[in-house]
Protein chains: 2
Amino acid sequence: MCSLCELGSGVHGRVAQYERVEKVRLLVVDDDPPIADLVATVARYEGWDAVTAYSGEDALVRAAEFRPDIVVLDLMLPDLDGFGVLDRLRHSGTMVPVVFLTARDGVADRVAGLTRGGDDYLVKPFAVEELMARLRTVLRRSAGPGFQRSVLRVADLTMDEDTREVRRADRLLSLTPTEFEVLRYLMRRSPTVLTKAQILDHVWEYGFGGRSNVVELVVSRLRRKMDEAGGEPLIHTVRGFGYVIRRQAAE
Amino acid sequence: MCSLCELGSGVHGRVAQYERVEKVRLLVVDDDPPIADLVATVARYEGWDAVTAYSGEDALVRAAEFRPDIVVLDLMLPDLDGFGVLDRLRHSGTMVPVVFLTARDGVADRVAGLTRGGDDYLVKPFAVEELMARLRTVLRRSAGPGFQRSVLRVADLTMDEDTREVRRADRLLSLTPTEFEVLRYLMRRSPTVLTKAQILDHVWEYGFGGRSNVVELVVSRLRRKMDEAGGEPLIHTVRGFGYVIRRQAAE
DNA sequence: TGGCTGCTGTCGTTTTCCTGTCGGGGTGCT
DNA sequence: AGCACCCCGACAGGAAAACGACAGCAGCCA
C-alpha cells in the first residue's frame, strides 16, 4: 500500500508533510498549461509530487512511468478525450482514483455515470482549495477501511471537514460556504501568514474579477462569529501583509 | 476459511487498522469496463478489495488467484456467458456467493440465474447503493448461521434493512422505495454531510439524466413524514453544500 | 382491457439568506 | 498630524432551497 494511509490525520498540512512517509503522487491532465501548472504548483506547495500532461497520449505515458496515486483529468482534450484516457487507464489495470474537470455545460451529465464510485468531478472554473479538498477526500476514502475523519484544530477552534462542524470551545458556529472555505484555508496553513491575494486566489474561482475587499469582509464576519461568545481573538491582522490564524499574534 | 467468518454485525462498522478485520474481497465481472469499474470503485470506497474482469475467461483466472468472498457477474459476456462462468466456478469447488446483473427484459434470466446457484440479481441499469445493499445482505447471509439483522439508527430513528421497517420513536413510517433509499444512504453516512450530487449519483440509476431538484423534493417528503408526529428535525440542510442526518449538534 | 392508485419527477412560485459593493469612520505607522 | 490601510454597517441583487400542483407512468385488480 502507498502512503495514503497517512492522510487525514488531524494535523495541519504543513506538519503532516514531514510525518508522511511518502509523498502523494499527483498527475494533472489539462490541455491548458496555465491551469495544469496552477494545480501542480499548489499540490507541490502542499508537499505532493506533481506531474503535468497537456494531452491524452501524454497522460497515458506519464501515468505509466509516474504511477500516480490520484489523477486530475480535464475532459476536454485535443487528441484522446478524457473518457478515452480513463478507458485506457482502466484497461491497463490501474484503479487510480480520478477527479474530473468539466466545462459548465452538459458534459457534466456524462460524467455523472463515472463519478458514482467515489471519483469526483469539478466544474470549471473552480477554486483551487476546493479542488485540493476534494482530492484529499478521495484519497482518504480510497485508502480503504480505517480512514479517519479530517479534523483541523487551532487552539480551541476545531473544524471537521466531513461533518462541516466548526466549534469554538465546543460552541457550534454556523458558517456560510465562503466563510467555511476561508477559515479552512487559514487553518490548514496556520501558523503561516497569508496575504489577501493568496486567500483570494485559493478560495475564489480562478479568474475572479475585480479587486475588492471581499476577503476583509469575510474575515470580519468570521471574527464576529468566532468571538461573539468570548475567547481570545484567533485571526490576527498583519498590517500591510495579510492574515493569520493562531493562538496569539507575534509580539 | 475466508474472511467472511470475521464479519461482525453492521458491515459498515468495520474499521481500525488495529482491530484488523480483513477486507471483503469482491470480483466484478462485466464486459463493459465503465460498469465493472464503477462497481469496483464504489466497493473500494467502502473499504473493500475489488478486482475486475472483462470477460468470462478472465473472470475464472482472477477468481482462482484472487479468491473473492463475493462475485458480481454480468450475464451478458462475449465469450463464456454468466452461467458458464458460474458452472465452472462451482466445478472448481468454490461456494462463493454470486450476484447477477441482467438486462432489463430477461425475466427468464432471473429465474434461471437463481435456480442455478446465484444468490441474488439486479437489473441494469441499477443504482449503486442498491447493489451495495444487496451485496452486504448476501454477505451477511452467507457469513453463516445466526446472521443478524442490519439496523441503522440515528437518534430515535431506526431502519431495519431486512424488513424495511423505518420507525421514528416507535411510530412506523411508510416510505416509498425512493425515500427509503435516500434515507438509507443518509443514515449510513451519518454524520457526514452529503452533496445533492452524491445522493443523486448513489441512489438513482447510473445514466439518470441531468439537472433536477429531485433530491430536494424527496428530502422534503421525507422530512414531512418524519416530523409530522413531532420530534426534532433530523435531516438538516447545509446551505450551499448538501444534506446531513443527525441529532442536532449541541448548542 | 380499462380504470384505479400511488410513485416519481418537472415546473414555477415563494422564501430564505448569501455575497459582494459602497462608503464612512476607525486604527496604526511614520 | 497625515496617510494608508483596515473594519464593518447597510443594502441590493441574486442564488439556493422549500414546496404546492400536476402529469406521466407503472402496477394492480377486476
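Note that the structure is a prediction, hence the values are computed from the model and not measured. Chain A is the first sequence line, chain B the second, and so forth, proteins listed ahead of strands; every chain is numbered from 1.
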Asker: Under 3.5 Å, is there a donor-acceptor pair between the side chain of A:Arg246 and the main chain of A:Pro191?
Answerer: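 Yes, because the side chain of A:Arg246 sits within donor-acceptor range (under 3.5 Å) of the backbone of A:Pro191.
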
Asker: Grab the NZ-C1' distance between A:Lys225 and C:dT19 for me, whole Å please.
Answerer: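 To the nearest whole Å, that distance equals 12 Å.
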
Asker: Of the options D:dC7, C:dG20, D:dA18, whose atoms approach the side-chain atoms of A:Arg223 most closely?
Answerer: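 When the side chain of A:Arg223 is considered, D:dC7 is the closest of D:dC7, C:dG20, D:dA18.
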
Asker: Where the side chain of B:Thr176 is concerned, which of C:dG20, C:dT10, C:dC7 is the nearest nucleotide?
Answerer: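 Side chain of B:Thr176 sits closest to C:dC7.
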
Asker: Atom pairs, N/O to N/O, protein against nucleotides 27-30 of chain C, distance under 3.5 Å?
Answerer:
{"unit_1": "C:dT27", "atom_1": "O2", "unit_2": "A:Arg239", "atom_2": "NH2", "d": "3.3"}

Asker: Would you say C:dC7 has OP1 or OP2 under 4.0 Å from some side-chain N or O of B:Thr178?
Answerer: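 No, because none of the side-chain N or O atoms of B:Thr178 sits under 4.0 Å from OP1 or OP2 of C:dC7.
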
Asker: Taking atom types as they are modelled, is there a donor-acceptor pair under 3.5 Å from the base of C:dG20 to the side chain of A:Arg221?
Answerer: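 Answer is yes: a donor-acceptor pair is held.
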
Asker: Both A:Leu217 and B:Gly242 contact DNA chain D. Which one's nearest nucleotide lies toward the 5' end?
Answerer: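 It is A:Leu217 whose nearest nucleotide is closer to the 5' end.
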
Asker: Between B:Lys196 and A:Gly240, just flag the one whose closest nucleotide in DNA chain D comes earlier from the 5' side.
Answerer: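 The answer here is A:Gly240.
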
Asker: On the nucleotide D:dC19, are OP1 or OP2 found under 4.0 Å from the side-chain N or O atoms that B:Ser220 carries?
Answerer: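 Result: yes.
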
Asker: Looking only at side-chain atoms of A:Ser212, point me to the closest of D:dC8, D:dC19, C:dT21.
Answerer: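 It is C:dT21.
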
Asker: Specify the separation, in whole Å, of atom CD of B:Glu216 and atom C1' of D:dA15.
Answerer: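 Value for this atom pair: 12 Å.
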
Asker: With rounding to the nearest 0.5 Å, note down the distance linking CG in A:Leu131 to CZ in A:Arg136.
Answerer: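 Here the rounded value is 9.5 Å.
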
Asker: Could you verify whether a donor N or O on one side chain and an acceptor N or O on the other, from A:Arg153 and A:Ser190, lie under 3.5 Å apart?
Answerer: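 Absent: no donor and acceptor within the cut-off.
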
Asker: Looking at side-chain heavy atoms only, is the closest gap between B:Leu73 and B:Tyr121 below 4.5 Å?
Answerer: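 No; the side chains remain at least 4.5 Å from each other.
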
Asker: Name the closest nucleotide to the B:Arg224 side chain, picking from D:dC6, C:dG9, D:dG20.
Answerer: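 Of all the options, the side chain of B:Arg224 is nearest to D:dG20.
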
Asker: Between A:Glu179 (side chain) and A:Thr176 (backbone), is there a donor-acceptor pair under 3.5 Å?
Answerer: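 Pair found, side chain donor or acceptor close to backbone of A:Thr176.
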
Asker: Kindly write out the residues that satisfy side chain to side chain contact (heavy atoms under 4.5 Å, CB included) with B:Asp81, not counting sequence neighbours, or none if the list is empty.
Answerer: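 Result, side chain to side chain contact (heavy atoms under 4.5 Å, CB included) vs B:Asp81: B:Phe83.
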
Asker: OP1 or OP2 of D:dA16 sitting under 4.0 Å from any side-chain N/O of B:Tyr243?
Answerer: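 Answer no for this pair, as no side-chain N or O of B:Tyr243 is under 4.0 Å from OP1 or OP2.
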
Asker: Does A:Trp204 place a side-chain N or O at less than 4.0 Å from the phosphate oxygens OP1/OP2 of C:dG20?
Answerer: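 So the side chain of A:Trp204 is within the cut-off, an N or O lying under 4.0 Å from OP1 or OP2 of C:dG20.
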
Asker: So, taking the atom named CG in B:Leu186 and the one named CG in B:Leu234, what distance separates them when rounded to the nearest 0.5 Å?
Answerer: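 These two atoms lie 11.0 Å from each other.
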
Asker: Measure the CG-CG distance between B:Leu183 and B:Leu157 for me, rounded to the nearest 0.5 Å.
Answerer: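 Interatomic distance, B:Leu183 CG to B:Leu157 CG, rounded to 0.5 Å: 5.5 Å.
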
Asker: How many angstroms lie between atom CZ of A:Arg149 and atom OG1 of A:Thr163, to the nearest 0.5 angstrom?
Answerer: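 Nearest 0.5 Å value for the CZ-OG1 distance: 5.5 Å.
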
Asker: Send over the distance from B:Phe241 CZ to C:dT19 P, rounded to a whole Å.
Answerer: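 After rounding, the gap between these two atoms is 14 Å.
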
Asker: How bent is the helix from C:dT1-D:dA30 to C:dT30-D:dA1, measuring the angle between the end axes built from five pairs each, rounded to 10°?
Answerer: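 Nearest ten degrees gives 30° for this helix.
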
Asker: What nucleotide among D:dA17, C:dC22, D:dG20 has an atom nearest to a side-chain atom of A:Asn213?
Answerer: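 In terms of side-chain proximity for A:Asn213, the closest of D:dA17, C:dC22, D:dG20 is C:dC22.
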
